[in-house]
Amino acid sequence: MSILIKNIRQLAGVRENSTLLRGKELSELPFINNAWIHIENNIIVGYGSMDSLNIKEFKNSIDATGRLVMPCWCDSHTHLVFAGSRENEFVDKIKGKTYAEIAAHGGGILNSANKLNDTTEDELFNQAWKRLEQIAKTGTGAVEIKSGYGLTVEGELKMLRVIKKLKQKSNLIIKATFLGAHAYPEAFRDNHQGYIRQIIDEMLPVIGKENLADYIDVFCEEGFFSISETEQILTAGKQYGLKPKIHANQLNNSGGVQIGVKHNAISVDHLETIAAAEIECLKNSNTIATALPTAAFFLRMNYPPVRKMIENDIAVALATDYNPGSSPSGNMPLLIALSCIQMKMTPEEAINAATINGAYAMEVQDEAGSITAGKKANLIITKPIPSLAYMPYSFGENLIDKVIINGNII
Ligand code: NIG
Ligand code: FE
């Protein structure tokens with residue numbers, strides 16, 4: 001289908017060529033006021049200011065008077081394939097238990113793993129499909145999804161097959177990450193190498209053969225996977241062409257950032273507990289620092305020091321971490337507001353980190369993350385609003401009117 005959107009108050013995120021944004025570059029969100037954009041089938045074919053529009057008659061046109069148009073969000077870190085929910089733990093936390101205490105008593109990730117292993121592949125697909133539909137409505141056009149709630153050969157492969165099916169059926173751009181190393185299952189609590197051997201000898205060969213994942217992740221954290229265990233798993237994953245994208249420095253300053261950078265990770269994610277050494281390490285690397293502020297919000301933790309990262313010229317991305325334990329929300333507009341309010345990112349910085357840099361953090365920058373001719377037609381059309389900053393300012397209000405994904409209005 002061919003669609004012309006015209007009289008756009010502001011077309012934001014326009015880039016002739018896209019690059020990964022570092023430091024100060026994050027503060028610039030190029031825009032055209034009083035603009036049009038033309039999409040043909042599923043691709044952006046042209047855009048400009050209204051005085052340059054010479055298409056007079058157009059069958060499918062949308063009048064965007066007073067509205068903003070911007071690229072869809074690229075959510076580069078989620079766990080949105082999961083079974084059921086964990087609001088009972090949420091209440092336990094309100095009453096005083098910590099995330100680590102809940103995890104140590106069979107709650108947390110292990111609780112979700114039990115639920116997942118009792119759920120059929122079809123049911124898991126249906127639950128995940130609903131979540132995909134829900135995030136598409138709030139403007140997400142590309143998403144990375146991790147395994148990690150199976151923790152058995154069968155369960156991990158089941159999750160990855162569900163993600164593969166989502167990739168085939170959905171209009172969203174989807175990347176899959178193998179996170180078998182999310183937690184040690186109960187049976188391997190005191191036999192870490194036993195579980196790691198399952199990951200390396202039984203899961204990875206099938207994942208490689210069936211092409212079930214794009215990336216490998218490890219929850220590198222005290223009480224979960226140590227530095228040397230993380231290295232062992234990342235090294236094994238590389239033999240199947242899986243690049244690392246790892247969970248680092250969420251609960252403790254455990255050396256995860258350094259190990260990610262050493263292994264050329266695409267991104268290191270979380271970073272609530274980093275210090276000067278981690279900033280220095282990221283500054284001199286190509287690894288993207290992905291902050292997940294809705295997880296810090298939900299767990300009442302300190303937010304990652306994003307301002308410091310930006311001052312140090314680090315490439316910062318933002319993602320939701322959508323999962324049942326630490327961020328049961330895949331709502332990107334909420335994440336943008338939280339990033340502005342709590343981490344003092346400007347609206348432009350937050351939007352860049354959640355679009356173009358998010359695209360780089362899952363290597364979909366050639367098809368998503370900016371308004372660029374030739375990229376996929378993944379667009380957000382807002383309700384009439386006075387400015388870009390109004391979006392995070394008026395937090396919690398649904399300001400998205402329409403979302404176009406792969407050329408289709410959803
Ligand atoms: O990214 N930190 C590890 N994994 C998830 C939480 C998983 C869970 O609690 O179910 C996260 O926050
Ligand atoms: Fe996560």
Side-chain angles (χ1 to χ4, degrees), residues 76-77 79 109 113 144-157 159-160 163-164 175-185 187-271 273-274 277-278 280-290 315 317 360-363:
S76 62
H77 179 140
H79 310 243
I109 297 167
E144 180 257 19
I145 311 174
K146 300 173 194 295
S147 72
Y149 289 121
L151 309 181
T152 57
V153 178
E154 212 179 278
E156 284 298 308
L157 295 175
M159 286 191 80
L160 290 168
I163 302 172
K164 191 170 184 175
K175 289 280 185 160
T177 300
F178 171 51
L179 175 59
H182 197 189
Y184 285 102
F188 291 95
R189 185 193 280 263
D190 301 314
N191 176 15
H192 286 187
Q193 279 306 314
Y195 184 57
I196 293 175
R197 292 291 6 139
Q198 279 199 348
I199 291 179
I200 296 176
D201 300 335
E202 298 178 51
M203 299 182 197
L204 279 171
V206 185
I207 292 166
K209 192 160 156 245
E210 293 184 25
N211 203 6
L212 290 175
D214 304 296
Y215 302 109
I216 186 155
D217 192 347
V218 176
F219 190 19
C220 179
E221 195 67 56
E222 252 170 54
F224 293 86
F225 290 79
S226 70
I227 293 293
S228 67
E229 292 164 351
T230 302
E231 283 209 275
Q232 189 186 359
I233 295 160
L234 296 185
T235 306
K238 267 186 202 162
Q239 290 173 356
Y240 295 91
L242 305 181
K243 296 182 197 170
K245 259 175 82 63
I246 70 167
H247 282 74
N249 297 63
Q250 179 186 13
L251 309 173
N252 295 285
N253 191 341
S254 51
V257 166
Q258 286 83 345
I259 227 61
V261 169
K262 179 178 164 198
H263 285 264
N264 267 322
I266 302 284
S267 68
V268 285
D269 303 19
H270 269 295
L271 314 176
T273 60
I274 61 170
E278 284 69 32
E280 199 54 34
C281 175
L282 284 166
K283 183 175 165 176
N284 298 309
S285 80
N286 292 321
T287 297
I288 297 168
T290 302
Y360 274 90
M362 52 177 150
E363 298 180 298

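This structure is a prediction, so every number in the text was calculated from the model and none was measured. Values below: every heavy atom of this structure, side chains too, minus hydrogens, waters and symmetry copies.
- A heavy-atom distance below 4.5 Å is found between the side chains of L151 and H182.
- A donor-acceptor pair under 3.5 Å is absent between the side-chain atoms of T287 and the main chain of V261, judged by distance alone.
- Going from atom NZ of K146 over to atom CD1 of I216 covers 11.0 Å, rounded to the nearest 0.5 Å.
- A 6.0 Å sphere centred on CZ of R189 holds no more than 12 heavy atoms belonging to other residues, nucleotides or ligands.
- Nearest heavy-atom pair across L282 and A289 is CD1-CB, 4.1 Å.
- Taking every heavy atom of both residues into account, K243 and I266 meet most closely at CD-CD1, 3.7 Å.
- By the neighbour-count criterion of 12 heavy atoms within 6.0 Å, atom CD of Q193 is densely surrounded, having more than that number from other residues, nucleotides or ligands.
- The side-chain hydrogen bond (donor to acceptor under 3.5 Å, both in side chains) test applied to Y240 returns no partner, not counting sequence neighbours.
- Atoms CD1 and OG, on I145 and S76 in that order, are 12.5 Å from each other to the nearest 0.5 Å.
- Not one N or O on the side chain of Q198 forms a donor-acceptor pair closer than 3.5 Å with the backbone of M203.
- Taking the side chain as every heavy atom from C-beta outward, F178 and L160 approach each other to under 4.5 Å.
- Between the OG1 atom of T177 and the CD1 atom of I163 there is a distance of 7.5 Å, given to the nearest 0.5 Å.
- Here K164 pairs with nothing under the salt bridge (charged side-chain N to carboxylate O under 4.0 Å, His left out) rule; sequence neighbours left out.
- Among V218, D269, V268, the one residue that satisfies the side-chain contact (heavy atoms from CB on, under 4.5 Å) test with K245 is D269.
- Nearest heavy atom pair, residue S267 against residue T290, reads CB-OG1, 3.7 Å.
- Within the 3.5 Å criterion, the main-chain N or O of G180 finds a donor-acceptor partner in the side chain of Y195.
- N264 places none of its side-chain heavy atoms less than 4.5 Å from the side chain of P244.
- Applying the side-chain hydrogen bond (donor to acceptor under 3.5 Å, both in side chains) criterion to N253, with sequence neighbours excluded, gives N249, E278.
- Rounding to the nearest 0.5 angstrom, the gap separating the CD1 atom in I246 from the CG atom in L179 is 11.0 Å.
- Inter-residue side-chain proximity for Y184 and E229 is flagged as met; some heavy-atom pair is nearer than 4.5 Å.
- The neighbour count for N191 CG, taken as heavy atoms of other residues, nucleotides or ligands under 6.0 Å away, is above 12.
- Scanning for side-chain hydrogen bond (donor to acceptor under 3.5 Å, both in side chains) contacts around S147 gives E156, with sequence neighbours left out.
- The environment of E154 atom CD is sparse: at most 12 non-hydrogen atoms of other residues, nucleotides or ligands sit within 6.0 angstrom.
- Residues C220 and I227 come closest through the heavy atom pair SG-CD1, 3.8 Å.
- Once rounded to the nearest 0.5 Å, the distance linking CD of E222 with OG1 of T273 reads 9.5 Å.
- Remark: D214 CG to E363 CD distance equals 8.5 Å, nearest 0.5 Å.
- In the model, H77 has a side-chain atom that pairs as donor or acceptor with a side-chain atom of H247 under 3.5 Å.
- Remark: K175 engages no residue in a side-chain hydrogen bond (donor to acceptor under 3.5 Å, both in side chains) (not counting sequence neighbours).
- Listed by chain and residue number, nothing satisfies the ring-ring contact (aromatic ring centres under 6.0 Å, His included) test with Y215 (two or more places apart in sequence, or in another chain).
- Closest of all the heavy-atom pairs between A181 and D217 is CB-O, 4.3 Å.
- In terms of heavy atoms, L251 sits closest to F219 at CD1-CZ, 4.4 Å.
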